[in-house]
Amino acid sequence: MRQHEVFILTPIEKLLGEAALATACLESGMSTYPIFDYVIQSLFLKMMGFQEQKLKCITWELATDDYEYRYEKFGHGYIGECSTLKDKNAVFNGLIKQINKKKVDYSKIDDNERKRIVADSIDVLDDFLENSRLKGWAGRQYVEYKKLVKVWSETCFYSTHNDLLGHCENCRLKSSAPDGSLCKYGTMSDLYTVIYQHRNRCAHNTTSYLQNLPVLDFIDRDIYSFENYFLHFAVLIIIDKIFITLFKRYLELYT
């Protein structure tokens, strides 16, 4: 077994279960609501860090098997923190390239499998909310999240351009998307930009010198709808499942 295999194949939703257990002793009423922001922000940062470390481990595994890839990434390349969409796509494309070296087009995830990944990820969050204390704290945010992802499909992830997120400008569903759905407010890339910016705010505590509430002109922008933890969790879980699926195929070919 490879050094990082167990960690890479461990689903990120494991952290949701840990959060549910950690909050099980709390009541979900008004008396404990102030702790909600601490819990959910901590969970968000753990999930971001978990995924960043996983992608670095995938990069190291690829570099262990392919010296040319090692030189490309470690000799004069740039790995980054694997937190930006650009960094994630770089690891994603590296994994695809190494798989296809051994078996052409074996990296392709068909529509049915992508549908399953999206549906399973949404189910994971449904179960998490149902079985955790967050249900009483984040009801409204969860309802808004469900509206935003109502039209999500397999085309929203792993596009034909070998990008993790779909190219919304060419999406056939965008024009007919219902009000309140993500398609009405921006693109998947816009959403990940919000996730990354929120990651930086939390990690570096850049809001410590600001007032508690965002300014009104920001709240009025459509993209403010993307400031939703459940939406962020869903994207991270789907990305994680894509990487796990591809890494399993990689192991089949390189073990």
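Numbers for residues simply follow the sequence, beginning at 1.
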- Query: With distance as the sole criterion, is a donor-acceptor pair present between the side chains of Y250 and E61 under 3.5 Å?
  - Reply: no
- Grab the two heavy atoms, one from P11 and one from F50, that are nearest each other, plus how far apart they are. O-CZ, 4.2 Å
- Partners of F230 by ring-ring contact (aromatic ring centres under 6.0 Å, His included), sequence neighbours excluded? Y142
- For Y158 and N162 the tightest heavy-atom approach is CE2-OD1, 3.7 Å
- Message: Suppose we screen for salt bridge (charged side-chain N to carboxylate O under 4.0 Å, His left out). Which residues come up paired with R70, at least two apart in sequence or across chains?
- Response: none
- Task: Considering only NZ, NE, NH1 and NH2 on the basic side and carboxylate oxygens on the acidic side, decide whether E113 and R116 come within less than 4.0 Å.
- Result: yes
- Message: Does E252, at its CD atom, have more than 12 non-hydrogen atoms belonging to other residues, nucleotides or ligands within less than 6.0 Å?
- Response: yes
- Message: Would the distance check show the side chain of D87 and the main-chain N or O of G80 forming a donor-acceptor pair, the cut-off being under 3.5 Å?
- Response: no
- Is it true that F247 and Y254 have ring centroids separated by less than 6.0 Å? no
- Item | Donor-acceptor contact below 3.5 Å, side chain H232 vs main chain F226 | yes
- Any luck finding a side-chain donor-acceptor pair between T193 and D190 under 3.5 Å? no
- Under the salt bridge (charged side-chain N to carboxylate O under 4.0 Å, His left out) test, which residues partner K101, sequence neighbours left out? D66
- Note on the structure: Residues L45 and A203: closest non-hydrogen pair is CD2-N, 3.9 Å
- Residues at least two apart in sequence or cross-chain that pass ring-ring contact (aromatic ring centres under 6.0 Å, His included) with Y229, listed by chain then number, are F44, H198
- Query: Taking all non-hydrogen atoms of both residues, which atom of K56 and which atom of C82 are closest, and how far apart?
  - Reply: CG-SG, 3.9 Å
- Query: Looking only at heavy atoms, which two atoms of V118 and S153 are closest? And how far apart?
  - Reply: CG2-O, 4.1 Å
- Task: Taking only Lys NZ, Arg NE, NH1 and NH2, and the carboxylate oxygens of Asp or Glu, determine whether K102 and D65 approach each other closer than 4.0 Å.
- Result: no
- Item | Pairs flagged by side-chain hydrogen bond (donor to acceptor under 3.5 Å, both in side chains) wherever residues 34-52 is involved - sequence neighbours left out | E52-R199
- Message: Would you say that more than 12 heavy atoms from the other residues, nucleotides or ligands in this model lie under 6.0 Å from the CD1 of I35, or not?
- Response: no
- Output the distance between atom CZ (F243) and atom CG (L164), rounded to the nearest 0.5 Å. 5.0 Å
- Query: Just by distance, do the side chain of K54 and the backbone of I244 share a donor-acceptor pair under 3.5 Å?
  - Reply: no
- Short side-chain to backbone donor-acceptor contact, N93 and N89, under 3.5 Å: yes
- Does any pair with a residue in residues 12-21 pass side-chain hydrogen bond (donor to acceptor under 3.5 Å, both in side chains), and if so which ones, sequence neighbours excluded? E13-K241
- Identify the heavy atoms of S121 and I237 that sit nearest to each other, and give their distance. OG-CG2, 3.4 Å
